[in-house]
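This report refers to the structure that appears directly beneath it.
Each residue takes its place number in the sequence, starting with 1. Quantities reported herein were computed from a predicted structural model and do not represent experimental measurements.
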Amino acid sequence: MCCFSRPVKNVAATNIFARSGTKERQFLVYEMKIAADEDLAMILPIPVPRQSAEDAVRFLNLSDYAGFFKDMAAGFPASRSLDDQKGPRGEAAKPLAVVEVGSFEASFVPSIADFARLDERFRLPAGTWEALPAYKDYGFAVFKLKQGKKQIHPMAFEFPRRDEKRLFFPTVHVHDGKVHGKADFDHALYLQKREGESLNVLGWRESPKLAGSFLKVDRTAGLVDGERHVYLKEIRGPQKNEDVLV
């Protein structure tokens, strides 16, 4: 799911890369173009194990590799270019840790209740989570973005996963504070298989060459295995508004 704490004028050209780091953890890289009139947060619910610790998510800085997805797309030459919770004794809960990640700040929110520990600008409107019961026990990666029209450099992190046999892509849309049954997709999804991993990639395109031939692997903070192929699936136009599991 990709949702925003304030209305956005436009979101387009979303790219997502996923790979298993270990059996218990998954890498995720997310990029999109966005236009907004005020500071806001992008919130990605992620299926972490229940009651995960506040430091369970590791954020990775790809600010010096803004062309990560441009290079990723180059591996598929026939594809089109991808351009108020209280603590003990009524005291205010301790604010969540904020991590500087390139041009934005990021936080891991372990549960819906913990959103009260973030600035109000970076929370979803009241009642949103009630309309999304499937995410009631998820954790959340929150990225604080500045107003304006821009291409955000890739946002990357590693998280402990609940299902060790599947890769998770957050693709549900909440762009106006409301949950719609269908949404307009403009997504390119990429993945890599870990050695010995069985993933259903039927309908996905496989890169003709190994990742190391078209990506600057030494600048990916360990996210990409240069000795393996990459798989691509493009999702465009009106689609059922749901996440993708592979």
Side-chain angles (χ1 to χ4, degrees), residues 1-18 26-48 56-63 66 68-69 82-83 95-112 114-126 128-129 131-132 134-135 138-159 168-180 183-190 223 235 241-244:
M1 169 197 280
C2 166
C3 45
F4 295 90
S5 61
R6 293 289 187 271
V8 293
K9 296 171 68 175
N10 184 57
V11 179
T14 299
N15 299 298
I16 309 175
F17 171 76
Q26 178 186 320
F27 289 120
L28 190 76
V29 187
Y30 198 103
E31 179 191 70
M32 78 289 188
K33 292 181 179 178
I34 182 174
D37 289 332
E38 56 184 320
D39 293 355
L40 75 167
M42 186 187 78
I43 301 165
L44 296 177
I46 47 178
V48 298
V57 170
R58 180 169 66 100
F59 293 99
L60 303 166
N61 189 351
L62 291 186
S63 60
F68 177 84
F69 281 109
L82 302 176
D83 274 309
L96 290 166
V98 175
V99 181
E100 294 272 352
V101 189
S103 63
F104 47 78
E105 297 177 337
S107 295
F108 173 56
V109 181
S111 70
I112 289 174
D114 289 306
F115 273 100
R117 299 163 63 188
L118 286 179
D119 187 293
E120 187 175 355
R121 292 172 300 162
F122 306 126
R123 309 177 205 167
L124 285 181
T128 302
W129 295 119
L132 294 163
Y135 302 97
Y138 273 40
F140 306 85
V142 177
F143 297 88
K144 301 172 185 179
L145 311 176
K146 297 293 186 181
Q147 65 182 7
K149 182 178 181 180
K150 63 190 72 178
Q151 171 106 27
I152 305 298
H153 75 67
M155 295 169 278
F157 58 97
E158 181 190 30
F159 64 94
F168 171 77
F169 291 85
T171 53
V172 166
H173 296 46
V174 180
H175 293 175
D176 56 4
K178 300 177 182 178
V179 183
H180 302 279
D184 191 24
F185 278 66
D186 184 17
H187 287 51
L189 309 183
Y190 298 90
L223 286 157
I235 307 177
N241 197 13
E242 61 185 2
D243 292 321
V244 173

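For the pair E158/V57, no side-chain contact is recorded, criterion being any heavy-atom separation below 4.5 Å from C-beta on. Counting only heavy atoms from C-beta outward, the side chains of P154 and Y30 never approach each other to under 4.5 Å. Within the 4.5 Å cutoff, side-chain heavy atoms of I43 are placed close to those of F115. The side-chain heavy atoms of T171 and F185, taken from C-beta on, include a pair separated by under 4.5 Å. At least one side-chain heavy atom of N15 sits under 4.5 Å from a side-chain heavy atom of Y190. Taking 4.5 Å as the limit, every side-chain heavy atom of D114 sits out of range of all side-chain heavy atoms of F140. Within the 4.5 Å cutoff, the side chain of I235 has heavy atoms near those of the V244 side chain. Within the 4.5 Å cutoff, the side chain of M42 has no heavy atoms near those of the L40 side chain.
Taking the six-membered ring wherever Trp is involved, the centroid distance between the rings of F59 and F143 falls below 6.0 Å.
The heavy-atom pair separating V142 from A41 by the smallest distance is CG1-CB, 3.7 Å. Of all heavy-atom pairs between A156 and L223, the closest is CB-CD1, 3.8 Å. Minimum heavy-atom separation, A18 to L28: CB-CD1, 4.2 Å.
Checked by atom type and distance alone, the side chain of D243 pairs as donor or acceptor with a backbone atom of V172 at under 3.5 Å. Looking at Q26, its side chain does come within 3.5 Å of a backbone N or O of F168 through a donor-acceptor pair.
Note: S107 OG to K144 NZ = 4.0 Å, rounded to the nearest 0.5 Å. Atoms CE and CG, on M155 and L60 in that order, are 13.0 Å from each other to the nearest 0.5 Å. Taken to the nearest 0.5 Å, the CE atom of M32 stands 12.5 Å off from the CG atom of D186.
Between F17 and F68, the two ring planes are perpendicular [angle over 60°; tilted spans 30° to 60°]. The aromatic rings of F157 and F159 are tilted relative to each other, their planes meeting at an angle between 30° and 60°.
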Trace of the side-chain contact (heavy atoms from CB on, under 4.5 Å) decision for V29 with E31: CA-CA 7 Å; V29 187; E31 179 191 70; 5.9 Å; no
